[in-house]
Every structure is written in C-alpha cells, then in structure tokens.
Amino acid sequence: MKPYYITTAIDYTNAAPHIGHAYEKVLADVMARFQRLSGREVYFLTGVDQHGQKVQKSAEKAGVTPQEFVDGITQHFTSAWETLGIKFDGWAATTDNRHKRVVQAMLQKLHDNGQLYKKAHKGHYSVRQEQFLTDKERSSDGNFGPEWGEVIELEEENWYFRLSDHVEWLKGYIRSHPDFIYPPHRANDVLNALEGKATDLCISRPVERLNWGIPLPFDPRFVNYVWFDALTNYISFGGYLADECGNEGLPKFDAIWPADAQVIGKDILVPPHAIYWMTMLHALGFTDEQMPRLIVHGWWNISGAKISKSLGNVIDPKVLAQTFTADGLRFYLVRDIATGYDSDFSEERILMAYNKELGGGLGNLLNRTLKMANNYRQGKISPGSFDDEACQNVRQVVADAEAAYPVRMNGWEIHLGIEEAMKIVTACNAFIDLTQPFKLAKDEAQAARLDAVLYHLAEALTHVSVLLSPVMPRACAEIQKQLGWLQPEAFRLGDLRWGLLADGHQLGQGTPVFPRVEIAA
RNA sequence: GCUCCUGUAGCUCAAUGGUUAGAGCAGGGCACUCAUAAUGCCUUGGUUGUCGGUUCGAGUCCGGCCGGGAGCACCA
C-alpha cells in the first residue's frame, strides 16, 4: 500500500498562530499518528506561506528584509508545533529554493503548453491597498468606501491561467467522485460556484507592485502571485519534478502522490483548493486517478468577548497548553468538534473536558488502579484463574471499542473514535464500584477475585493508552510508563489483544497524569 | 438576489416513514471510600420553530411562514 500522504494548509507568516491554526495541525497530526499506529507508512507535510504583498509591507514597516521578517514569524509557528507535539515529516516553506525551482519549472511547462497568456486589465485600483477592486468591494451605495483611500482607473498587463478550459472536466470529476471532498455536502458549494460564466485566473503581479515572490521564468518583469506559489507546495515538497530541478531530500513523488488527505479550512475550499488547485493539476496533466482528497474542517468560533477574563488570552494555543498541558488541549480540540463542522470554543467546556474526562475519568482510573495494586499486591499483577460475568463484560467492552475505533478514525470521526476509547474508562470505573476491590483485599478468601479485578483494570488501561496515543502521545506514554508497559516501536492496532501484560507483570507507581486545574471565577 | 444546509431537553447532539422521541454534559437524590472533592447508581426535564398537506401512521416526506448558518471563481 502506498504511504499515507497528508498535508495541511500552509499558514501565512504575517502574524503568530492562533487556535484555528493549532486545530488544523492537531487534526492532521492525530490522523497521521493514527495511520502510523494502523501500520501504514505516513508522510505528513505542513509549513508556511511566506511570500506576498502583506509580508512585503509588514517587513517594510518593521524595517527589516522580507526574509528576516518571515523567518521571525516562522519561528512562532515551528515553536508552537513543537509545543503541541505536531510530528511532521516535511516542512514546506515557500521561500525554500527547492520550492521556487519547482514553481518555475511548472510555470514554464504550462507556458509551453499554451495554458498561460498575457492580457491587459483595466479597473478600479486602490492606491492605499495596492490592489484592484471588484464589485464586491463596493459599499451599498455603489461606491468604494473610505477604507480604500484613493481609487483610480488603472490599466495593467498580467499573465493569466486558462482555468476556464478545465471547468467542464472539474464539474464531471466532482459529480463522479463523491469521496473527493469530506464532508460530502461541501461538494454542492463547489458545483454552485462553478455555475455561470467561467473566467480565467490572474497569476502574476508586475515587479513594481510586488517583488517578494517567485519571478515568472519566461517574463521576469512579473512575479508569480499567490496560488501557483502557495498551492504548489503540496507537490513541490512531495518531490514533484525533483530530478528535473535537482532537488534533494524530498520523498519520491510517484510513491506518495496523490495525497490521501489535504486538510484545509472551509474558508479556502472555494475557490482556492476545489477550483484553482484542481484545475492546475489537471492542466499539468494529472489524471483523475492522481487527484488528491480534500478534508474540509470547520472553525472554532469564539463566542462572546468575555470568555478570556480568567484565563488571559484564551485563544493563544500556547497559553492554553500551559494551563491544560499540550495533550489536554489536543484532546479538547478534537474531542469537542465534529470534523467538518463548527464548534464554539468555551472555557467552561475545555475545563470540563480536562478535569472531568481526563482527570476524573482516565487519570483517576489509572491512579486508583495503581494505588490499589501497589497496596494489595506490591504492584505485581496476575490474571489468575478467577473469572465471572463482570470480568467478561470488561473484556467485551474493550473488544467492542477496538472494533469500532478504527472505523470511526478512518472516517475522520475523531470525536467518536475518542468516545469509543473513553467507553472503556467508564466501564472500568463502574467495574471498580461493582467489584469493590478495596473490600476484597480485606478477605483472604477473595484473593483470586482481587487478582482478576486488578489485572483487568491494568490490562484495559494499557489498551486505552494505545487507542488514545494518536490524540495524546505524551500523556499516553506517561500512562504506559506508570503501567510499566513500554509500547514496542512496531506495535500496531492489530497487535491489540487481551493479555498484553504478562503474568507477574510489575506495575509502576501512580502520579496524577492530568492534575486538576483550578480556575478562579 | 441566487444556491444549499439547518431548527429535537438548559447546552451539544442521536433517532432505514413504524412501540411510550433517546444519549452525554449541566441540575436533583442516593451510595461508596481504592482514588486527583475523584467514582458509581437512580432521577427531573421535550406540544420535535410554526401553519397546513400526503399517509393506516410524520421528528422523518411535500408546501407556506418565521428564525439560524454556509457558499456564490482573478480577496490573501
């Protein structure tokens, strides 16, 4: 099976990352880790979009070169991803020379094939914003508002991509490939946007207006503008045209393409990814079988401005990670939203998810299990010979969860996959209250039963630690450390079976993995 | 304006046209003491936005109205 190639949108290096950036990367990272755990080879690409006018202007304002400026902002991203445990294989920075070479080679190819042409455009131009204005920019009275400053008539030559040549193909492709976009209802938006007259895509800016970009190889008076630069990262850093461009240190393109998942936000589906990106690939000669799959996620809405009072700036992922640990934040970000839909970020909810589900549920289960095992058996456990309905039920819950979990995860229903794993936690806590091992310990005649109960708890927890490891890699490693069980490097989901802990297994000491967070109201 | 989605418990959401519309959280009560004031059990709570239609039967299908949201290609 080909490696699982997963990408995220590359973030614009104009400002530091916020919770939305973090969510997308966590979502992709969870899927990448899940696929690795499933035994699939994975290539996970993420990165930053460093060119463009906003960067050029911000750098001028800051009195530094554009490269110095983007290097600074880029560090905010890389350090945030390190904090959050985002484990990517490839880093796509659009100022990377390997990327520039591919963009130029690609543009040259399209130029040679007659897919690009030059024409003059006359329209309303905002001097202050340095951009042409469309009717959408007009205010309700039909004029351009004061925010645009002086608006003049301007004629300018630019290069265009024959996007309209590929629209009919795209419509047919979307209709015949229901899996192209997840969730599928988004495809309607694309088809709706494709109704009406198709127009071509402007892909350049004169160097006088924009110089912070990649020059067109066949016309150096122009710089490439946005899409053929930013979107191309998915293939340039995947090894596309690597031989021809002399690029090294990249994957074998034929081996990893097409992307199994291009994780993007709903704001950049139409038109960039669903229309520009797809027609670009088609123009380059990619076949239907070589088209990527788009995973479109929703947004975290910040409802009301008052939620950050007691937490400080709540939308800064680093602050949240400090309060709830990186894994606590990762858990919340994929637990409290359904992929493709929006959710409201709420301080109350993240506090609840952390304290109740992780602290009171999973963490406390581990802690009470380890304390009892250490108090009654010096931490040494044995399955023993005792069995009853309660024990069987625990094993059944584990088996059911492990059957449902990969189905949910593969279908991008991460929150439901998590729910499956948490069912084991709930069942184990009920199992303790039912069997009352702390009472069994006082009765020597119940020794065999106590052995069975303790073993079932520790074994079930081991399984949970594997299932949740894509979501909370560090916390699950800590849980496994306390359980005295080291997950083998090559351990896969398919290796999960009852009896991971050997007879006589020595458990470690328990320390709260998710210490309770107290927040003053 | 055009296209599409949506309205179910305080909140977030489930319910191939078929028993008495379910679950989690929040709220209330009880139990327990191994554990991070943790856990378990029980429980209150709904005229399914509204009006009409189709049907033996409608949360589900159709239409109107009211409310919420999304998208509509040379904006990054």
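Residue numbers start from 1 in every chain, and the chains themselves are labelled A, B, ... in the order their sequence lines are given, proteins ahead of strands.
In a base pair of the Watson-Crick type (N1 to N3 plus N6-O4 or O6-N4) or a G-U wobble (N1-O2 and O6-N3), with each distance short of 3.5 Å, B:C2 is matched with B:G71. Nucleotide B:G57 is matched to nothing when pairs are restricted to Watson-Crick or G-U wobble geometry with both distances under 3.5 angstrom. The pairing partner recorded for B:G7 is B:C66, the criterion being a Watson-Crick or G-U wobble arrangement whose two distances lie under 3.5 angstrom. Summarising the base pairing, B:A14 is matched to no nucleotide, lacking a Watson-Crick or G-U wobble pair whose two defining distances lie under 3.5 Å. In this entry B:G46 has no Watson-Crick or G-U wobble partner, no candidate having both defining distances under 3.5 Å. The base-pairing partner of B:C30, taking Watson-Crick or G-U wobble contacts with both distances under 3.5 Å, is B:G40. B:U19 makes up no base pair with any nucleotide shown, lacking Watson-Crick or G-U wobble contacts both under 3.5 Å.
Put simply, CD1 on A:I418 is 20 Å from P on B:U12, counting in whole angstrom units. Regarding A:I479, its CD1 atom lies at a distance of 16 Å from the P atom of B:U36, rounded to whole Å. Rounding to whole angstrom units, CG of residue A:L351 and C1' of B:U36 are separated by 14 Å. Here B:A70 presents its P atom at 8 Å from CG of A:D342, a figure rounded to the nearest Å. In this structure, CZ of A:F431 is placed 18 Å from P of B:A35, rounded to the nearest angstrom. The CD-C1' distance, from A:E347 to B:C11, rounds to 16 Å in whole Å. Distance CD (A:Q482) to C1' (B:U36): 12 Å, rounded to an integer number of Å. The CG-C1' distance, from A:L365 to B:U33, rounds to 16 Å in whole Å.
Residue contacts shown for A:V190 are absent, as no nucleic acid heavy atom lies under 4.0 Å away. Counting any heavy atom pair closer than 4.0 Å across all strands shown, A:A193 reaches a base atom. A:R205 comes within contact range of the sugar-phosphate backbone alone, with a heavy-atom separation under 4.0 Å but no base atom that close. Note on A:G360: only backbone sugar-phosphate atoms sit closer than 4.0 angstrom, heavy atoms only; bases stay farther off. A:A198 comes within 4.0 angstrom of a base, heavy atoms only. Using a 4.0 Å heavy-atom distance criterion, A:D433 is classed as a base contact. Residue contacts for A:N364: at a heavy-atom cut-off of 4.0 Å it reaches a base atom on one of the strands shown. Residue contacts for A:Y276: at a heavy-atom cut-off of 4.0 Å it reaches the sugar-phosphate backbone alone, with no base atom in range. At the heavy-atom level, A:L163 lies under 4.0 Å from base atoms of the strands shown. The residue A:Y376 sits close only to the backbone: its heavy atoms come under 4.0 Å of sugar-phosphate atoms, none of a base. A:P437 comes within contact range of no nucleotide atom at all, as no heavy-atom separation falls under 4.0 Å.
Proximity note for A:L201 (side chain, C-beta onward) versus B:G71, B:G40, B:C74: the nearest is B:C74. For A:N367, counting side-chain heavy atoms from C-beta on, the closest listed nucleotide (B:C25, B:C34, B:U36) is B:U36. The listed nucleotides are B:A35, B:U39, B:A73; the one nearest the side chain of A:N429 is B:U39. Nearest nucleotide to the side chain of A:R516, out of B:C32, B:U36, B:G71: B:U36. In this structure, the nucleotide among B:C4, B:A26, B:C74 sitting nearest to the side chain of A:N188 is B:C4.
Of the P atoms belonging to B:U6 and B:U47, the separation is 24 Å, rounded to the nearest Å. B:U54 and B:C61: their C1' atoms are spaced 8 Å apart (whole Å). If you take atom C1' in B:U16 and the same atom in B:A58, they sit 15 Å apart, rounded to whole Å. On the C1' atoms, B:C62 is 25 Å away from B:G1, given to the nearest whole Å. As rounded to the nearest Å, B:U33 and B:A26 have C1' atoms that lie 25 Å from one another. Atom C1' of B:A23 sits at a distance of 16 Å from the matching atom of B:U44, rounded to the whole Å. B:G59 and B:U8 are spaced 7 Å apart, taking the C1' atom of each and rounding to whole Å. Distance noted for atom P between B:C13 and B:G69: 14 Å (whole Å).
The side chain of A:R368 contributes no N or O atom lying less than 4.0 Å from OP1 or OP2 of B:A38. The side chain of A:K356 places an N or O atom within less than 4.0 Å of a non-bridging phosphate oxygen (OP1 or OP2) of B:A26. Side-chain N/O atoms of A:K423 include none lying less than 4.0 angstrom from OP1 or OP2 on B:G24.
Heavy-atom nearest nucleotides on RNA chain B were determined for A:S164 and for A:Q53, and the one closer to the 5' end corresponds to A:S164. In terms of position along RNA chain B, the nucleotide closest to A:M352 lies nearer the 5' end than the nucleotide closest to the other residue of the pair A:T369 and A:M352.
The main-chain N or O of A:H297 is never found under 3.5 Å from a side-chain atom of A:Y341 such that the two would form a donor-acceptor pair.
Paired with A:W227 under the rule side-chain contact (heavy atoms from CB on, under 4.5 Å), one option of A:L201, A:T232, A:L163 passes, and it is A:L201. Screening A:R335, A:M472, A:R516 for a side-chain contact (heavy atoms from CB on, under 4.5 Å) involving A:L358 leaves a single residue, A:M472.
The aromatic rings of A:F161 and A:F228 lie perpendicular to each other, with more than 60° between the two planes, well past the 30° mark. In this pair, A:H18 and A:H21 present their aromatic rings tilted. The plane angle is within the 30 to 60° band. Using bins of under 30°, 30° to 60° and over 60° for the plane-to-plane angle, the ring pair A:Y117/A:Y160 lands in the parallel bin.
Evaluation of atom-type donor-acceptor distances gives a pair under 3.5 Å for the side chain of A:N192 against the base of B:G71.
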For this session: Start with the C-alpha gap between A:D433 and A:R368, add the side-chain angles, then the distance that decides, and say whether salt bridge (Lys or Arg N to Asp or Glu O under 4.0 Å) holds.
Result: CA-CA 12 Å; A:D433 277 46; A:R368 65 200 301 213; 3.4 Å; yes
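Near RNA chain B, meaning a heavy atom under 4.0 Å away, there are no residues from residues 451-463 of chain A.
With respect to the salt-bridge test (charged N to carboxylate O, under 4.0 angstrom), the residues A:R349 and A:D344 do not qualify. A salt bridge is defined here as a Lys NZ or Arg NE, NH1 or NH2 lying under 4.0 Å from an Asp or Glu carboxylate O, and A:R474 with A:D327 fails to meet this definition. Taking 4.0 Å as the cut-off between side-chain N and carboxylate O, A:R221 and A:E208 do not count as a salt-bridged pair. A salt bridge is absent between A:D189 and A:K266: the closest approach of a Lys/Arg side-chain nitrogen to an acidic carboxylate oxygen does not fall below 4.0 angstrom.
Side chains of A:H273 and A:Y234: a donor-acceptor N/O pair is present below 3.5 angstrom, by distance only.
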